[in-house]
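Everything below concerns the one structure shown next.
Nothing fancy with the numbering, it's 1 onward along the sequence.
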Amino acid sequence: HAWNMTEVDYLTAQLHYVSDADFLEDYFEEEYKESSIPDNFISVGHRNPYYTANLLARGRVNDFYTTVNRLPEASVDFLRQPIYETGFYYEGEVAAANLEKTYAEDAGQEDYSTVRVDSPHGVYYPTKLDGWLTVIPRGIYHPTYYADTLVETTTESTRTLILTNGAGVAYSVLETNETTLFEYGPAELRNAFELGVETSFKAFRVFGDEEFPKRHIVEPYANFTLAPEPSVLPDELPQFDDIDELDENNNVKVGMRHKFQTRREKGAYDLVDADFYTVIGPIEYLYYDVEWRPDDPWQFRLDGAAGV
């Protein structure tokens with residue numbers, strides 16, 4: 001359900017209740033490909049030119065899925081905006097959530113939870129050299145507060161069963177079971193920092209006739225990232241999403257974006273938007289993200305990675 005309450009306030013909600021874990025895969029294959037675990041949430045938001053505020057409640061309906069409950073999560077996203085007349089821009093976020101990792105009933109693992117406050121803040125300085133080369137240095141401070149740290153432990157239990165067959169001959173069977181448990185630790189404030197610079201330029205060529213003109217835009221780019229080890233490592237924290245996986249990250253992302261445009265009644269129209277890139281440090285994969293829109297409402301999307 002989606003409801004635009006006003007021009008700047010909106011509500012979205014989604015509910016999935018299914019009979020078993022294989023239902024979507026068996027009967028709604030396309031939905032299963034998009035998300036193998038159906039999502040259940042209600043979200044209320046407010047947007048304006050400077051920020052977007054959101055209140056979210058996300059919970060599990062079917063106990064045969066492993067999910068992360070957010071009951072609730074409140075967030076404010078500050079859109080990238082100029083800092084007075086300095087030439088610097090600011091972008092940030094504040095998100096506070098009551099999180100709970102709930103495992104499927106047959107997973108044999110212990111649920112865990114905590115309160116997390118995540119608040120990354122970044123400063124950017126976009127410039128253009130010689131009128132064609134875009135350079136955007138950045139500095140980011142990313143603090144995250146956890147009400148509980150977490151240590152994962154595995155316990156092993158062994159038992160010997162004495163059985164007999166139909167002839168009365170006894171034999172033994174050794175059974176070993178492993179159980180994953182979580183021990184709570186003290187609250188922690190994780191501090192993480194990042195420095196980086198993104199650079200790119202665009203070149204284009206126009207071809208075709210006046211009635212159906214085409215334009216090919218090429219945009220090579222590189223994104224340098226230097227992020228030292230945070231003050232608290234991922235294995236000391238409860239894991240809910242990619243925020244908790246934050247670790248040392250020093251690499252260079254290089255790529256080239258291609259756009260093929262034509263003209264429609266409303267202006268420029270992207271027929272193809274293709275982005276090819278890799279991450280150096282070391283190079284393991286070539287990534288691609290391609291969109292082809294021959295005409296509304298048709299759209300084809302292809303993305304993935306290939307090992308090199």
Scan side-chain atoms only and decide if Thr52 and Asp77 contain a donor-acceptor pair under the 3.5 Å cut-off. no
At their closest point, which heavy atom of Val94 faces which heavy atom of Ser119, and how far apart are they? CG2-OG, 3.4 Å
To the nearest 0.5 Å, what is the distance between NZ (Lys33) and CD (Glu25)? 10.5 Å
Can you tell if the side chain of His121 reaches within under 4.5 Å of the side chain of Tyr90, non-hydrogen atoms only? yes
Is Phe41 linked to Tyr10 within one hydrophobic cluster, defined over Ile, Leu, Val, Met, Phe, Trp and Tyr using a side-chain heavy-atom separation of less than 4.5 Å? no
So, using salt bridge (charged side-chain N to carboxylate O under 4.0 Å, His left out) as the criterion, who are the partners of Arg138 when residues are at least two apart? Glu194
Check whether any side-chain N or O of Gln109 sits under 3.5 Å from a backbone N or O of Ala107 as a donor-acceptor pair, and report yes or no. no
Rounded to the nearest 0.5 angstrom, the CG-OG distance for Asp148 and Ser113 is 7.0 Å
Polar side chain donor-acceptor pair, Asn251 to Asn249, under 3.5 angstrom: yes
Is the backbone of Glu245 close enough, under 3.5 Å, to the side chain of Asp242 for a donor and an acceptor to pair up by distance? no
May I ask you to decide whether Arg257 forms a salt bridge with Glu219, counting only side-chain N to carboxylate O separations under 4.0 Å? no
Taking C-beta and beyond as the side chain, do Pro234 and Leu246 meet within less than 4.5 Å on heavy atoms? no
If you look at every heavy atom in Asp111 and Thr102, which pair is closest and at what distance? OD1-CA, 3.5 Å
For Asp270 and Gln261, test the side chains for any donor-to-acceptor distance below 3.5 angstrom and give the result as yes or no. yes
Supply the atom-to-atom distance Asp275 CG to Asp289 CG, rounded to the nearest 0.5 angstrom. 6.0 Å
Trp132 and Val197: same hydrophobic cluster, using ILVMFWY side-chain contacts below 4.5 Å? yes
Would you call Tyr125 and Thr86 a side-chain contact if the rule is heavy atoms closer than 4.5 Å? no
Hey, could you give me each pair passing salt bridge (Lys or Arg N to Asp or Glu O under 4.0 Å) that has a residue in residues 39-49? Not counting sequence neighbours. Asp39-Arg58
Just jot down the ring pair (Phe, Tyr, Trp, His ring centres under 6.0 Å) partners of Tyr32, sequence neighbours excluded, or say none. none
Honestly, is Arg215 close enough over Phe204, meaning NZ or CZ under 6.0 Å from the six-membered ring centre and within 45° of the axis? yes
Check for me, please, whether Leu189 and Val117 land in the same ILVMFWY cluster - side-chain distances under 4.5 Å, paths through other members count. yes
NZ/NE/NH1/NH2 to OD/OE distance under 4.0 Å, Asp241 and Arg70: yes
According to the interplanar angle, ranging from 0 to 90°, do the rings of Phe23 and Tyr27 count as parallel (below 30°), tilted (30 to 60°) or perpendicular (above 60°)? tilted
Nearest heavy-atom neighbours spanning Thr114 and Ala147: OG1-N, 3.5 Å
side-chain contact (heavy atoms from CB on, under 4.5 Å) for Arg264 and Thr262? Distances and angles first, verdict last. CA-CA 7 Å; Arg264 293 284 193 265; Thr262 188; 3.1 Å; yes
Walk me through it: do Tyr277 and Tyr221 pass the test side-chain contact (heavy atoms from CB on, under 4.5 Å)? CA-CA 9 Å; Tyr277 62 93; Tyr221 64 86; 3.3 Å; yes
Do Trp3 and Val44 touch side chain to side chain, with heavy atoms closer than 4.5 Å? no
With a 3.5 Å cut-off and no angle check, do the side chains of Tyr103 and Asp63 form a donor-acceptor pair? no
Please determine, by modelled atom types, if Thr225 and Asn250 share a side-chain donor-acceptor pair under 3.5 angstrom. no
Answer yes or no: does atom OH of Tyr50 have more than 12 heavy-atom neighbours from other residues, nucleotides or ligands under 6.0 Å? no
For His16 and Asn62 the tightest heavy-atom approach is O-OD1, 3.6 Å
Closest non-hydrogen atoms of Tyr287 and Val279, given as atom of the first, atom of the second and distance, are CE1-CG2, 4.2 Å
I would like to know whether Ile280 and Lys253 meet side-chain contact (heavy atoms from CB on, under 4.5 Å); could you show each step before the answer? CA-CA 6 Å; Ile280 301 174; Lys253 177 182 176 182; over 6 Å; no
Should we say atom NZ of Lys202 is surrounded by more than 12 heavy atoms from elsewhere, each under 6.0 Å from it? no
For Thr134 and Ser200, does a side-chain donor sit closer than 3.5 Å to a side-chain acceptor? no
Test the Arg60-Tyr65 pair against the cation-pi criterion, namely NZ or CZ under 6.0 angstrom from the six-membered ring centroid and within 45° of the ring axis. no
If you define the side chain from C-beta out and look only at heavy atoms, does anything of Pro220 sit under 4.5 Å from Phe201? yes
Short question: side chain of Thr67, backbone of Asn69 - any donor-acceptor pair under 3.5 Å? no
Rounded to the nearest 0.5 Å, how far apart are CG of Leu99 and CD of Gln239? 11.5 Å
Please check if any side-chain donor atom of Asn191 sits under 3.5 Å from a side-chain acceptor atom of Tyr141, or the reverse. yes
If you measure only the distance, is there a donor-acceptor pair under 3.5 Å linking the side chains of His46 and Asn54? no
Closest heavy-atom contact between Thr149 and Glu188? CG2-CG, 3.0 Å
Would you indicate whether the side-chain heavy atoms of Asn98 and Glu73 approach each other to under 4.5 Å? no
Report the residue from Phe240, Tyr146, Tyr184 that forms a ring pair (Phe, Tyr, Trp, His ring centres under 6.0 Å) with Tyr112. Phe240
CD on Glu291 to NZ on Lys259, rounded to 0.5 Å: 9.5 Å
Take the angle between the ring planes of His216 and His258 and call it parallel below 30°, perpendicular above 60°, tilted in between. parallel
Hey, could you give me the OG/CD distance between Ser43 and Gln14, rounded to the nearest 0.5 Å? 11.5 Å
Is it possible for you to say whether Val254 and Val135 belong to one hydrophobic cluster, with membership spreading through side-chain heavy-atom contacts below 4.5 Å? yes
How far apart are the C-alpha atoms of Tyr269 and Arg263, what are their side-chain angles, what is the distance that settles it, and do they pass the side-chain contact (heavy atoms from CB on, under 4.5 Å) test? CA-CA 6 Å; Tyr269 181 87; Arg263 190 171 59 206; over 6 Å; no
Mind checking whether Leu24 and Phe64 sit in one hydrophobic cluster, side chains of I, L, V, M, F, W, Y counted as touching below 4.5 Å? yes
Any luck finding a side-chain donor-acceptor pair between Arg293 and Gln299 under 3.5 Å? no
